Amino acid sequence: MTTTLHPRPLRLCVNIDHVATIRNARGGDHPDPVRAAEIVAAAGGDGITAHLREDRRHIRDADLARIQEATDLPLNLEMAATREMLEIALRHRPHAACIVPERREERTTEGGLDAAGQHNSLAPIIDELKGAGIRVSLFIEADERQLDAALRLGAPVVEFHTGEYAHAFLDGDRDKIAREVKRITDMAALAAKNGIEPHAGHGLTYANVQPIAAIPQIAELNIGHFLIGEAVFVGLDHAIRRMRELMDEAR
Ligand code: PXP
């Protein structure tokens, strides 16, 4: 499927994994992540993000094709750098593939990808994805060593892991918040200077999105857990529109 990105200064891609988490809790087909994808499109979201985990705890293989059929929005497939996931990506040809570290026992993606330490195993996977016309992103910490590795690996995009920033926010640790914002700001500028498009995501909420949305080089935010949780109270459409307003306000 060919897709075009909206000419917006900051894109909001909605991670719909946790709609599938709720569905899987009962083993049936409700709530359907496809319906969530349709609502994302109607609410002005710029893309759908889904993480096909090795244990299929939320999104499943069959969901991917259904999501791609249901909406023209670009699909950003989050995947571990494994042969199995590469083959799935090559079959589905999402707009983008974001390579994430994955450990079975983790609750969510904790920490960024060690692009520097795993150069040799990542290189062929990145090359195959790029060869298939898939835009590759690496989910890394905002740190110069990892950014340099992304550059050497030829990744056109990096997504900075905002988990530490989100934790600092929860702890109300102002110094750490300031340090994290500076770190992400500096690395976003360095990425852009080197021709890499910086994205950001993880743990973003209404309360903490604006300092990250204000970083001028950041082109896309990937937000999931908060939006799906908030949707329980106000509906997914409303939650997305509110997040969009806050992002635009910060720009
Ligand atoms: N970006 C990446 C690469 C992720 O792995 C995740 C979590 O799956 C997110 C963004 C979204 O994080 P959250 O669900 O905390 O908004």
Side-chain angles (χ1 to χ4, degrees), residues 10-22 24 33 36 40 45-60 63-64 67 74-82 85 89 94-115 122 126 129 134-142 146 150 155 157-170 180 184 188 197-210 212-213 218-232 236 239-240 242-244 246-247:
L10 178 60
R11 300 187 297 270
L12 170 58
C13 296
V14 179
N15 181 319
I16 58 174
D17 290 345
H18 295 306
V19 177
T21 305
I22 299 171
N24 298 352
V40 174
D46 300 288
I48 305 295
T49 296
H51 184 177
L52 186 69
R53 292 188 74 101
E54 191 189 13
D55 62 8
R56 310 301 197 268
R57 72 173 75 149
H58 34 62
I59 292 294
R60 295 179 180 150
D63 293 328
L64 294 178
I67 290 166
L75 173 67
N76 173 30
L77 174 66
E78 295 177 354
M79 53 174 269
T82 63
M85 288 301 151
H95 166 78
C98 180
I99 301 184
V100 302
E102 195 175 305
R103 282 182 291 124
R104 255 178 196 269
E105 65 277 15
E106 69 190 357
R107 253 189 294 177
T108 177
T109 312
E110 292 157 7
L113 184 74
D114 182 11
L122 289 171
I126 292 172
L129 289 168
I134 299 168
R135 195 160 160 78
V136 177
S137 166
L138 303 183
F139 189 43
I140 57 171
E141 293 296 332
Q146 297 300 341
V157 177
V158 292
E159 181 174 334
F160 292 128
H161 195 305
T162 50
E164 281 293 315
Y165 164 76
H167 276 134
F169 223 92
L170 281 178
E180 287 299 316
I184 298 165
E197 184 175 284
H199 298 172
H202 204 91
L204 296 177
T205 68
Y206 292 159
N208 68 18
V209 75
Q210 290 199 318
I212 302 298
I218 296 213
E220 178 177 307
L221 299 182
N222 282 290
I223 309 183
H225 183 268
F226 176 82
L227 286 175
I228 304 307
E230 186 66 6
V232 171
L236 186 55
I240 291 168
R242 179 69 188 134
M243 188 61 84
R244 174 90 255 160
L246 290 166
M247 286 164 54

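Both counts, for ligands and for their atoms, begin at 1 and track the order of listing. Every value quoted in this text rests on a predicted model; they were computed, and no experiment measured them.
- Of all protein heavy atoms, the one lying nearest to atom 2 (C) of ligand 1 is Glu78 OE2, 3.0 Å.
- In this structure, Phe226 falls outside the shell of residues with a heavy atom less than 4.0 angstrom from ligand 1.
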Where do Met243 and Val209 land on the side chain to side chain contact (heavy atoms under 4.5 Å, CB included) test, with the steps shown first?
CA-CA 8 Å; Met243 188 61 84; Val209 75; 3.9 Å; yes
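- For atom 11 (C) of ligand 1, the nearest protein heavy atom (residue, atom name, distance) is Asn222 O, 3.8 Å.
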The test is side chain to side chain contact (heavy atoms under 4.5 Å, CB included); show your working for Leu77 and Ile134 and say whether it passes.
CA-CA 10 Å; Leu77 174 66; Ile134 299 168; over 6 Å; no
Show your reasoning for whether side chain to side chain donor-acceptor pair (under 3.5 Å) applies to Asn24 and Arg56.
CA-CA 10 Å; Asn24 298 352; Arg56 310 301 197 268; over 6 Å; no
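- When side chains are defined from C-beta on, Leu122 counts as touching Leu113, because their heavy atoms get closer than 4.5 Å.
- Rounded to the nearest 0.5 angstrom, Ile223 CD1 and Leu227 CG are separated by 5.5 Å.
- Looking only at heavy atoms of the protein, atom 12 (O) of ligand 1 is closest to His202 CA, 3.4 Å.
- Considering each of Gly203, Gly112, Gly229, the one bringing a non-hydrogen atom nearest atom 15 (O) of ligand 1 is Gly203.
- Heavy-atom contacts of Ile223 reach the following atoms of ligand 1: 16 (O) (cutoff under 4.0 Å).
- Here the CG-CD distance, from Leu52 to Glu102, works out to 8.5 Å after rounding to the nearest 0.5 Å.
- Residue His18 has no N or O atom closer than 3.5 Å to an N or O atom of ligand 1.
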Audit row: His167, Glu180, side chain to side chain contact (heavy atoms under 4.5 Å, CB included) steps and yes/no
CA-CA 10 Å; His167 276 134; Glu180 287 299 316; over 6 Å; no
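- For ligand 1, the atoms sitting less than 4.0 Å from at least one non-hydrogen atom of His225 are 13 (P), 14 (O), 16 (O), numbered in the order shown with element in parentheses.
- Numbered from 1 in the order shown, with element, the atoms of ligand 1 that lie under 4.0 Å from a heavy atom of Val100 read 3 (C).
- Not one N or O of His51 is nearer than 3.5 Å to an N or O of ligand 1, by distance alone.
- Residue contacts with ligand 1, taken as heavy atom pairs separated by less than 4.0 Å, do not involve His161 at all.
- Close approach of ligand 1 to Glu159 is summarised as follows: ligand atoms under 4.0 Å from at least one heavy atom of the residue are 1 (N), 2 (C), 3 (C), 10 (C).
- Evaluated for a side chain to side chain contact (heavy atoms under 4.5 Å, CB included) with Phe139, the options His202, Glu78, Gln146, His51 yield exactly one hit, His202.
- Scanning all protein heavy atoms for the shortest distance to atom 16 (O) of ligand 1 gives Gly224 N, 2.8 Å.
- Side-chain contact between Glu230 and Arg242: absent, with no pair of heavy atoms (C-beta onward) separated by less than 4.5 Å.
- Here is the list of ligand 1 atoms found below 4.0 Å of a heavy atom in Asn15: 8 (O).
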